[in-house]
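Residue numbers start from 1 in every chain, and the chains themselves are labelled A, B, ... in the order their sequence lines are given, proteins ahead of strands. Only a predicted model underlies this, so the values are computations on that prediction, with no experimental measurement involved.
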Amino acid sequence: MDWFTRGSADDGAAAESTDAVGSADGLAPRFDGATKVRVANVGMRYEGHSGAVQALDGVDFVVRDGEFVCVVGPSGCGKTTLFRIIAGLETATTGGVFLDGEPVTGPGMDRGMVFQDYRLFPWRTVLGNVRFGLEQQSLSQSAADDRAMEMLDLVGLAETAEQYPRELSGGMQQRVGIARALAVDPSVLLMDEPFASVDAQTRELLHHELLRIWTETGKTVLFVTHDVDEAVALADRVVVLGGSPGRVRDVVEVALPRPRSRRDDGFVALERRLRGLIGDRGP
Amino acid sequence: MSSLSTEHPGATSGRGQREREEAGRRRLLPTDRRRLRRGLAGTVAFVAVWWLAALTQPTYLLPGPVEVATAFVGELTVRATYTVPGLGFVVALPRLVVKLVESLSHYVPGLVVGATLGIALGVATGWSERLSDALRPVVRVLRPVPPLAWIAFAIVWFGIGNTGATFIVAIGAFWVNYYNAESGVAGVPRDRLEVAASLGVDDDRRMIRKVVLPSAAPEILTGVRTSIGQCWMVVVAAELFGAPGVGYQIIQAAQNLSMDVSVAYMLVISAVFLVSDGLFRFVQASVLEWRG
């Protein structure tokens, strides 16, 4: 494909503080232990203007079926590069990524993607956006519409179906993005700092919504963020990335029951521990 | 059920906003009325100055508004014959109509062929870096050659006449559409291609059809609209060399010192341009309604 060549990583996410508190109907983490995604000794090396740059080195971890895993790290540590490698938009120079045992070689419907800048198709209505992926499959028009409306219902935006993206707020657009990604029933949902562009209040609501959608669908979620609070609020486990080249500093279990409160001792302790792992360059 | 169903979107609220917009369109706001009044005053002033200036000159140098209007009516009254191409039979119509149809028979095919080829090649070079690199030097050299200079080829290939004039109009339409299409396609954000790939679009043709062309549509349509105007100018010039039509009439009338007829036909071109541009803007607005 002509457009699909290795591009350079974009890792310039601005650090933001947030008061987000994750809360959802209390449910124990739902996974049966089977490995969904395996990141196997991934390294990434670029030829830059002034010589070679090692962006990632020896990144190794698994995501289990049904788990919510956050990848946390400061700007510049390569977490967006890692996201793109897992998504198949770039190819690691060493190691590889496996989904359900199969190697990842390019982007595909088995890995749904949600981005910070929403990336909705402006010329399509909300419903048109959500049914985009379904049109690639051999579904009838009405079956595709039904499934798309089902997804819009899931994210609570059924009444916006005939509107255009420009008429929606940022938070609503992102929910449409989530609905669009889920419509094709991916094996895993990949999210790259999806809530970094919305205000703190909306982010809090979106955390609640995302956790609700997660428990309802049982999807495996890999969520990349620079925000430690967000990671502790949402994740079952947190992969801490840091340094340059980016390496896995630790993988931390978040055993707190949901809904989680930011003021909770366990929450604060975990947060402190994660910040310590990230080091001085944290937000 | 979602707790966010009461969330208010930023600045707009779907149906409410649309109703307000439509209400605004139906009424003329005071500011619009004021601007129309100014436009009217300016036009009246211009015609008055023109009329006065024309009084000081003989008609063959500067015809006045009255002479032009009279000539216009005259062109509508005098009959000329038009041979319908292909079908062969002859009709008698007002000369103005005949000349307009003759010009349209150069303009429309030339515009359609030129725009289609320009868009097709522009999409191809916008999409394929290899093709773009390969063609760039050739394009750079050929592009600055004005459509009229291609008269030489028009004459030897088609002879002075209808086909030659159409050929020149096609060249006029080609370049604008080529550049706009190329720019539109090359400018499609990679982001969109990545999202589409993650939603199952895995071959180039589908990507172009479902993502690239809709993304590039605004720019491509701008190119078409520009070429609609440009081609009217080109068609008149192309006809000056001997193909029948409005352009040819303008020069013929001038050579016969009937400047009033010349100016009448100039205004005809202007009117036709405004109509075609207006029609296209309507089409463009409905295709691009998603832009708001």
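For the pair Arg35(B) and Asp32(B), the salt-bridge criterion is not met [side-chain N within less than 4.0 Å of a carboxylate O].
Only the side chain of Asp117(A) comes within contact range of chain B, with heavy atoms under 4.5 Å apart. When heavy atoms are compared at a cutoff of 4.5 Å, Arg206(B) approaches chain A solely by way of its side chain, counted from C-beta outward. Looking at Ala217(B), there are no atoms closer than 4.5 Å to chain A (heavy atoms on both sides), in backbone or side chain. Residue contact with chain A, scored on non-hydrogen atoms closer than 4.5 Å, involves the backbone and the side chain of Val211(B) alike. Both the backbone and the side chain of Arg119(A) come within contact range of chain B, with heavy atoms under 4.5 Å apart.
Ring geometry for Phe167(B) against Phe158(B) counts as tilted: the plane angle lies between 30° and 60°, on a 0 to 90° scale. Between Tyr178(B) and Trp175(B), the angle of the ring planes goes over 60°, which puts this pair in the perpendicular group of the 30/60° scheme.
Of all the listed residues (Gln137(A), Gln173(A), Glu135(A)), the one sharing the greatest number of non-hydrogen pairs under 4.5 Å with chain B is Glu135(A).
Between Phe68(A) and Trp214(A), a ring centre-to-centre spacing shorter than 6.0 Å is recorded.
Cation-pi contact between Arg180(A) and Phe121(A): present, with separation from the ring centre below 6.0 Å and deviation from the ring axis of at most 45°.
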